[in-house]
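Residue numbers begin at 1 in each chain, while the letters A, B, ... track the order of the sequences.
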Number of protein chains: 2
Amino acid sequence: MNKSAAPASPAAPGPSPFRNAQQREADRASKRDAVLLAAVHLFNQRGFHATSLDDVAASLGVSKPLIYHYLGGKDQVLFECMRIGLQQLREAADEVARQPGTGMDRLKRFLRRYAECIMEDFSRCVIRTGDETLSPEIRPQFRALKSEIDHAMRKLIAEAAADGSAKVTDVKLTAFAFAGALSWTARWHEPGGALQPAEIAEQMVEILTRGISP
Amino acid sequence: MNKSAAPASPAAPGPSPFRNAQQREADRASKRDAVLLAAVHLFNQRGFHATSLDDVAASLGVSKPLIYHYLGGKDQVLFECMRIGLQQLREAADEVARQPGTGMDRLKRFLRRYAECIMEDFSRCVIRTGDETLSPEIRPQFRALKSEIDHAMRKLIAEAAADGSAKVTDVKLTAFAFAGALSWTARWHEPGGALQPAEIAEQMVEILTRGISP
DNA sequence: CGTGCCATTTACTCAAGAGTAAATAGTATA
DNA sequence: TATACTATTTACTCTTGAGTAAATGGCACG
């Protein structure tokens, strides 16, 4: 009984349930993010095609059309996940670009961050879900973003070679080798496994860069 | 006119159109292979989910039920493709296991063969198509085969470390790094590109193994 | 020769799941 | 208070593509 009880204090000490425009926008953004997070979890776990939007909605306790409300179709959802993943990788590159140190130091720092990203949700999704999954209309956008990161890595390798802190014969192939080795963690590393991502990243970078020390 | 002309020579010098049991079986096998080859091409090009069995059938100029006749459902087709791909990798491992040389020599040989396989149709498909795509019933089989290859690589690395031809701190991680770098070619290398697979394999192996030379 | 198997096709069924229309209710703001 | 907007749901539609039943016709072999 007494289902709709009156509030204890009329002065309302807690946050008001009435939101202003800013708060509503923040609300919306956080709900959007929640959808993306739920989606990326399922995508990584079961694969994109084995995950229906109904599944994503159900995992949040809401209904499918709500996802359309926040994000539009399934392709959009995937692309947003990938965009976030790529953005994180890109931020790693930008951050390192601003830091001091020998080329090799900076390369190592980047590779470590790269590996760590790949073992987190969104960048993981970038690797696990091939670009052929994206609709042909947005695929070029994805490729462009991806390419930026590839080139950032090449640049760091080239700089390390230039300042003598590394010895490299083929920059492009080296970049592919490094990116491949690190990206592959998205396939074999299980989140919550015995080995911590940071350790894996550390050791992996060691293994890879030992080959290009002068 | 003269549509159904009589054969030029009654003695039939060419192969007879009438097949015996063995020939029919060979026929059947070669048709089965043709289906798998057509399928793996499309899977690699467009992705498994974007390829319908109708597409595969059409690319061969036959009808879908014929594929069911030779191979059973779509899952079977994919698994067969992957089985072939894994078998090729496994043969590479077995071959190297029988050869002489230092551990490092043999490891290098294996890595080169591994990379070359990955840039061919079937092994390429193994990498491009994640195991989550397989139905839960056959996935364990796939994993088991995959695991054999992983362990073969680890064994070679361990042997190279044991005979002093390589210096390795963590065998497992090293194997993952190598497998990742080489597997990644399935993602970026386009068949018929400027660089030959053999060259790529050669250089890639060089880049990777330089890091574990003593 | 006729009987039955094998290859192959046509013409279907059926389910899943993406996407949508329209209703409902709560909240903000004039 | 009236009005308009936002969040959210229910209850659909429609397409795609996997898988199947059944018919056809040739070839082999008794």
Side-chain angles (χ1 to χ4, degrees), chain A residues 3-4 7 12 15-35 38-39 42-43 46-81 133-138, chain B residues 4 7 12 15-35 38-39 42-43 46-80 133-138:
Chain A
K3 249 168 116 182
S4 55
S16 156
F18 299 89
R19 313 276 145 113
N20 63 23
Q22 276 180 36
Q23 287 172 322
R24 288 226 316 291
E25 179 137 354
D27 243 38
R28 191 182 165 89
S30 92
K31 284 179 187 173
R32 204 183 109 109
D33 289 351
V35 171
L42 289 174
F43 291 166
R46 311 184 190 168
F48 176 75
H49 289 285
T51 305
S52 72
L53 284 189
D54 280 312
D55 291 338
V56 176
S59 86
L60 288 164
V62 299
S63 69
K64 178 172 57 168
L66 202 57
I67 296 180
Y68 284 83
H69 184 64
Y70 284 109
L71 280 155
K74 201 183 177 189
D75 288 344
Q76 284 298 320
V77 173
L78 177 60
F79 180 59
E80 274 306 294
C81 290
T133 310
L134 290 164
S135 70
E137 296 87 52
I138 37 183
Chain B
S4 55
S16 156
F18 298 90
R19 313 275 146 111
N20 62 26
Q22 275 180 37
Q23 287 172 322
R24 288 227 316 291
E25 177 137 356
D27 242 38
R28 191 181 165 90
S30 91
K31 285 179 186 171
R32 204 183 110 108
D33 289 351
V35 171
L42 290 174
F43 292 166
R46 311 183 190 170
F48 176 74
H49 289 285
T51 305
S52 73
L53 284 189
D54 280 311
D55 291 338
V56 176
S59 85
L60 288 164
V62 299
S63 68
K64 179 172 58 171
L66 202 58
I67 296 180
Y68 283 84
H69 184 63
Y70 284 109
L71 280 155
K74 202 185 177 188
D75 289 343
Q76 283 300 319
V77 174
L78 177 60
F79 180 60
E80 273 307 293
T133 311
L134 290 164
S135 70
E137 296 86 52
I138 37 184

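- Taking atom CG of A:Asp55 as the reference point, atom C1' of C:dA18 lies 13 Å away to the nearest angstrom.
- Rounded to an integer number of Å, the gap from B:Lys74 NZ to D:dT16 C1' is 11 Å.
- The CG atom of B:Asp75 sits 10 Å away from the C1' atom of D:dA18 (whole-angstrom rounding).
- Residue A:Tyr70 places its side chain closer to D:dA7 than to any other of C:dA7, D:dA7, C:dT9.
- For the residue pair B:Phe48 and B:Thr133, the shortest heavy atom distance occurs at CD2-CG2, 3.3 Å.
- B:Lys64 comes within contact range of at least one nucleobase, with a heavy-atom separation under 4.0 Å.
- The closest donor-acceptor contact from the side chain of A:Lys64 to the backbone of A:Ser52 lies at 3.5 Å or more, if one exists at all.
- Of the two residues contacting DNA chain D, namely A:His69 and A:Pro65, the nearest-nucleotide position lying further toward the 5' end is that of A:His69.
- Applying the 4.0 Å criterion to OP1 and OP2 of C:dC6, one finds that B:Arg28 has every side-chain N and O outside that range.
- Between A:Tyr70 and A:Lys31, the shortest heavy-atom contact is OH-CD, 3.2 Å.
- Here the closest heavy-atom approach between residue B:Thr51 and residue B:Leu42 is recorded as OG1-O, 3.4 Å.
- Rounded to whole angstrom, the span from the NE2 atom of B:His49 across to the P atom of C:dA16 amounts to 16 Å.
- Among the atoms of the strands shown, base atoms are found under 4.0 Å from some heavy atom of B:Ser63.
- Neither OP1 nor OP2 of D:dT8 sits under 4.0 Å from any side-chain N or O of A:Tyr68.
- B:Leu60 places its CG atom 14 Å from the C1' atom of C:dT8, with the value rounded to the nearest Å.
- Interatomic distance, CD1 of A:Ile67 versus CD of A:Gln76, reported as 13.0 Å (0.5 Å rounding).
- Here the P atom of nucleotide C:dT9 and the CD1 atom of B:Ile67 are 10 Å apart, to the nearest Å.
- In this structure, A:Leu66 reaches the bases: a heavy-atom distance under 4.0 Å links it to at least one base atom across the strands shown.
- Distance, A:Leu78 CG to C:dA18 C1': 15 Å, rounded to whole Å.
- Spacing between atom CG of B:Asp27 and atom P of D:dG26 amounts to 17 Å, rounded to whole angstrom units.
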